[in-house]
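The structure appears right after this line, and notes come after that.
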Amino acid sequence: MSLNNLTVLGAGVLGSQIAFQAAFHGVKVVSYDINEQALANAKKRYDALVGDYKKDLSASDEQIAQAFDNLTLSSDLSEAVKNADIIIEAVPENLELKKQVWADVGQLAPAHTIFTTNTSTLLPSAFNEASGDKSRFLALHFANRIWVQNIVEVMGTADTDPEVVKATEQFARQMGMEPIVLHKEQAGYIINSLLVPFLHAASHLLANDVASAKDIDKVWRMASGSPKGPFEAMDTVGLRTVHTIHSAKAEATGDPLTAHFVEILKSEYLDKGKTGRESRSGFYEYDDNGKVILD
Ligand code: NAD
């Protein structure tokens, strides 16, 4: 199975990174988002990524120009998917939205297209049916800042054709990633099975006013030797996604500290345009190179 044309659905924090990484590695990519405004935001993300690739990977002007040659932006779904060999969906983390998107895409994409989702917290088996073909559907889960943290978890469901898993693993290598194939579905994959309880513990400490975000991070960094604390990690994930995940948790559990953390995120950060590292402002401020300013 040779996969040459990729379509990425959603050009937000992760979708833009995925599309640019693949284009940089020579894949023909269509980056789809819902309207012209969303595409204008995507263009800004692509421009910002140029700086990251130059700084972190010493990318040359020629390599950057080639990446842009490989990248097309579109807000027309049927045009965007009509030649796709593989689709990576990176739309907001909302089950009903993902079902709707896959129902539309399943109708429009060619019969051979591999369907993948970058969902962080949902199981692919919760919405693979919407696509119309569960055998071609699996999860391909990236970690933020994919050009340097270039691990990707490949996770099929009980219905995924093993050949599709293999082809997706190979494609991931083609786009410069290190794929890890999971043996079975696991909510949160490996990374979030470890990370989510950690971030929840941190959010409870903050919402319960035990210490400031920066002090909680400092304890973690200095005591464990880790380069980043939990709040800096949240800035990197993006505070919109952190808000969505904690809102769902607050609703599901009724836990008042989680609900309070959601309020803090909204009133202190998101309402002020502080969406985390990508806006250079979140729990921390970041310099023009995206480097955290620790005080
Ligand atoms: P984001 O909010 O930054 O971007 C989502 C994008 O999807 C926006 O540009 C939005 O306009 C677009 N969109 C909305 N409705 C759409 C539709 N119907 N069709 C196509 N595009 C649509 O979100 P994100 O952080 O990039 O997360 C996207 C997905 O990736 C989520 O499932 C999330 O769980 C997952 N993910 C995120 C991270 C992270 O660190 N941010 C890491 C791994 C996986």
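Counting from 1, the numbers follow the sequence of the chain as shown. Both ligands and their constituent atoms are indexed starting at 1 by order of listing. Just the heavy atoms: all of them, side chains too, but no hydrogens, waters or symmetry mates, feed the values below.
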When you compare ligand 1 with [X], is there at least one nitrogen or oxygen pair between them that comes in under 3.5 angstrom?
| X | value |
| --- | --- |
| E89 | no |
| I34 | no |
| T236 | no |
| V237 | yes |
| L14 | yes |

Go through ligand 1 atom by atom and flag the ones less than 4.0 Å from a non-hydrogen atom of [X].
| X | answer |
| --- | --- |
| N118 | 30 (O), 35 (C), 36 (N), 43 (C), 44 (C) |
| Y32 | 19 (N), 20 (C) |
| T119 | 32 (O) |
| H141 | 43 (C), 44 (C) |

(message) Against T116, only a single residue in L6, L140, L9 fulfils side-chain contact (heavy atoms from CB on, under 4.5 Å); can you say which?
(response) L140

I want to confirm something. Looking only at heavy atoms, which of [options] is nearest to [atom]?
| atom | options | answer |
| --- | --- | --- |
| atom 10 (C) of ligand 1 | V242, T117, D33, I18 | D33 |
| atom 28 (C) of ligand 1 | G276, A90, G238 | A90 |
| atom 2 (O) of ligand 1 | M234, R240, R45, R277 | R240 |
| atom 25 (O) of ligand 1 | T241, T244, N35 | T241 |

Which bit of [X] is near ligand 1, meaning a heavy atom under 4.0 Å away: side chain, backbone, both or neither?
| X | value |
| --- | --- |
| V101 | side chain |
| A11 | backbone |
| Q100 | neither |
| T121 | neither |

(request) Please examine the side chains of M177 and I151, heavy atoms only from C-beta on, and report whether any two atoms are closer than 4.5 Å. (result) no

(message) Is there a ring-ring contact (aromatic ring centres under 6.0 Å, His included) between W147 and F20? Walk through the geometry before answering.
(response) CA-CA 9 Å; W147 63 99; F20 197 78; 8.8 Å; no

